[in-house]
Amino acid sequence: MSFPVETVRHSLSHVMAEAVVKLYPGAKVAIGPAIDDGFYYDFDLPSPIQPDDLPAVEKEMRRIISANVPFKRVEVSKAEARDLFKDEPYKLELIDGLDDGTITVYEQGAFRDLCRGPHVDSTRDLRPDCFKLRAVAGAYWRGDEKRPMLTRIYAYAFASKAELEAHLKMLEEAEKRDNRKLGKELDLFSTHEEAGAGLVYWHPKGGRFRVELENWWRDEHYKNGYEILFTPHIGKSWLWETSGHLGFYKEGMYSPMEIDEDDYYIKPMNCPFHMMIYKNGVHSYRELPMRWAELGTVYRYERSGTLHGLMRVRGFTQDDAHIICTPEQIEDEIAEVLRFSLHMHKTLGFKDIKAYLATRPAGDGAVGAPEMWDKALESLRKAVDAQGLAYEMDEGGGAFYGPKIDLKVKDAIGREWQLTTIQFDFNEPERFDLTYVDADGQKKRPYMVHRALLGSIERFFGVYLEHTAGAFPIWLAPEQAVVIPVGPDFADYAAEVAAELKKAGLRASAMLSDERMNAKIRDAQKQKVPYMLVVGAKERDEGVVAVRVRDGRQLPAMPASEFVGMVRGLVEARSLEL
RNA sequence: GCCCUUGUAGCUCAGUUGGCAGAGCACAUCCAUGGUAAGGAUGAGGUCAUCGGUUCGAUUCCGAUCGAGGGCUCCA
């Protein structure tokens with residue numbers, strides 16, 4: 001009989017607990033659920049466990065599995081359960097949190113665990129080659145940093161050996177594409193601990209990518225009815241008190257600096273500044289919708305342990321925009337943002353895109369009348385449907401100020417990344433008292449939506465690096481072509497060709513060092529340069545270039561001018577192919 | 001911030017069971033007439049993260065500090 005993979009994972013976690021308790025007498029067990037790619041179990045151990053100790057645990061688990069012991073389900077009363085687990089403080093706490101009535105306990109061999117189940121019938125239903133212990137990590141009891149730190153052992157587990165191996169292979173591939181690794185190898189960016197963690201330095205090649213990306217981003221925004229703003233990096237406490245950030249987002253903001261006896265804060269968000277621009281005048285319904293975008297650099301406090309390459313940083317540039325419109329326009333505006341977002345993602349080469357709709361959080365912390373939330377959510381849902389997007393609901397996952405849609409894209413090795421977020425805001429228009437004059441001459445409150453399509457330029461760069469493994473499409477490649485002379489005799493011709501390409505606006509250079517041609521090709525390949533133009537006697541005499549493509553293809557020899565035309569065509573089309 | 005791991009040349013990493021430190025790549029100089037993924041030689045480069053302790057002697061052992069990596073939602 002076969003069981004759902006979650007059941008197998010959960011049963012394996014019990015087997016691991018049995019093994020750990022046996023190998024570490026006195027270990028207290030906490031919880032051990034199935035997770036996306038396996039399972040974990042939290043322990044309070046009498047002595048620390050090291051990664052080196054994991055093989056021994058694995059071995060013991062395999063022994064238990066091969067012993068073919070049944071999983072027995074036992075029903076007990078709360079009092080009985082308390083007695084059974086009298087030596088397990090964490091289990092006792094869990095038992096206290098349960099409703100009165102029947103409690104289930106699962107036993108396999110000598111090991112007994114408080115558990116809702118279900119489980120496999122017997123360890124015979126578990127496969128010794130479908131799991132692998134991954135790592136030990138710290139985790140707070142119940143995720144609460146005020147509670148004790150437990151030792152968590154993570155494991156991968158799948159229904160078949162093939163799936164486990166495929167997963168391990170994906171992880172290996174992910175490691176090769178790690179944005180921090182590629183950032184170094186391709187000389188794109190760096191971070192400097194001595195100068196401040198989580199702050200990104202863009203090198204010349206990263207800068208090329210960014211400039212091309214941002215130019216495209218601005219063009220597309222103008223084409224799609226946006227105006228582009230620039231706003232300050234700091235603002236007086238009045239601004240943040242008005243926006244409410246000092247109330248609900250203070251822990252994400254840096255300490256203020258004093259200027260002329262006033263407190264100024266570095267901005268963690270751009271919206272209050274956009275609100276100020278809106279408030280600068282009286283607005284008619286005829287002006288709406290207003291779509292205001294900004295590549296706005298913000299600084300947010302992230303705890304040191306959470307910083308990670310380009311993916312989580314303390315200073316970053318959001319591709320932010322705020323849309324201010326009438327209630328009647330909101331549905332079309334949301335649909336438009338979604339369409340625009342999909343257009344951007346598809347241009348960048350993401351094909352598999354999924355939406356997540358987050359609704360009103362539970363409790364009374366949320367602002368805005370329930371019917372506003374309902375209307376907003378309805379327009380989000382309609383927009384997603386209109387685009388034919390698959391979506392999932394995230395009940396209660398909205399911010400306190402409004403519901404949202406997040407878009408996640410799937411990358412080349414199957415991982416999902418959240419890029420776009422589209423969020424209603426019922427809070428700030430109220431706080432800043434935004435109004436417009438409607439057709440009937442009455443002042444009314446507009447709707448406001450925040451949106452970021454790429455999220456932040458830094459994070460997007462990280463995601464895109466991992467998606468493309470650094471092999472950027474031609475329009476974003478920091479260096480589009482290199483000219484490689486076969487030998488020193490052809491250096492002049494190579495320089496001439498490179499000059500022609502540069503003059504035509506291509507990002508190109510000649511490799512004129514005294515390395516051998518083979519070494520230059522290898523370097524260019526490693527740098528993921530799209531085109532290598534090899535020139536020797538034949539090419540010089542005929543006035544052509546031999547084109548080697550990054551993927552190993554060899555194009556027919558062509559004059560440099562023809563190569564320029566070809567590249568221009570690909571850039572113009574934002575082609576993903578070379 | 002907390003738990004585990006970790007910190008040796010610009011990069012990737014050896015190594016020293018305590019006796020003044022090594023390789024490859026990159027860099028510099030020289031040699032090399034070379035056709036699609038590394039030609040050769042020589043050289044320069046490190047207060048072995050920082051501070052303190054133990055010791056005749058510490059990069060190595062111990063402690064602290066700073067940084068980095070993995071984790072801290074997944075509910076019996």
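Naming convention: chains lettered A, B, ... in sequence-line order (proteins, then strands); numbering from 1 in each chain.
Note: A:Y24 and A:F43 fail the aromatic proximity criterion, with ring centroids not under 6.0 Å apart. Residues A:Y254 and A:Y299 keep their aromatic ring centres 6.0 Å or farther apart.
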>> Wobble G-U and Watson-Crick pairs count when both distances are under 3.5 Å; given that, what is the 5' to 3' dot-bracket string of RNA chain B, with | for pairing to other strands?
In response: (((((((..((((.....[..)))).(((((.......))))).....(((((..]....))))))))))))....
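A:R540 forms no cation-pi arrangement with A:F490, by the criterion of a distance under 6.0 Å to the ring centre and an angle within 45° of the ring axis. Geometrically, A:R9 does not engage A:F39 in a cation-pi contact, judged by NZ or CZ lying under 6.0 Å from the ring centre and within 45° of the ring axis.
Of all nucleotides listed (B:G71, B:G34, B:G35), B:G71 comes nearest to the side chain of A:M149. Considering only the side chain of A:H308, B:G70 comes nearest among B:U36, B:G70, B:G35. For A:R142, the listed nucleotide lying nearest its side chain is B:C75; candidates were B:C75, B:G34, B:A37. Considering only side-chain atoms of A:A137, the nucleotide from B:G39, B:C72, B:G70 that sits closest is B:G70.
Counting only distance, with no hydrogens or angles, the side chain of A:T7 and the backbone of A:H119 share no donor-acceptor pair below 3.5 Å. The main-chain N or O of A:G32 is found under 3.5 Å from a side-chain atom of A:S13 such that the two form a donor-acceptor pair.
Within the nucleic acid shown, A:I31 comes within 4.0 Å of sugar-phosphate atoms alone, with no base atom in reach, counting heavy atoms only. Using a 4.0 Å heavy-atom criterion, one finds that A:D514 contacts the bases of the nucleic acid, with or without backbone contacts as well. Across all strands shown, A:E185 has no heavy atoms under 4.0 Å from either base or sugar-phosphate atoms.
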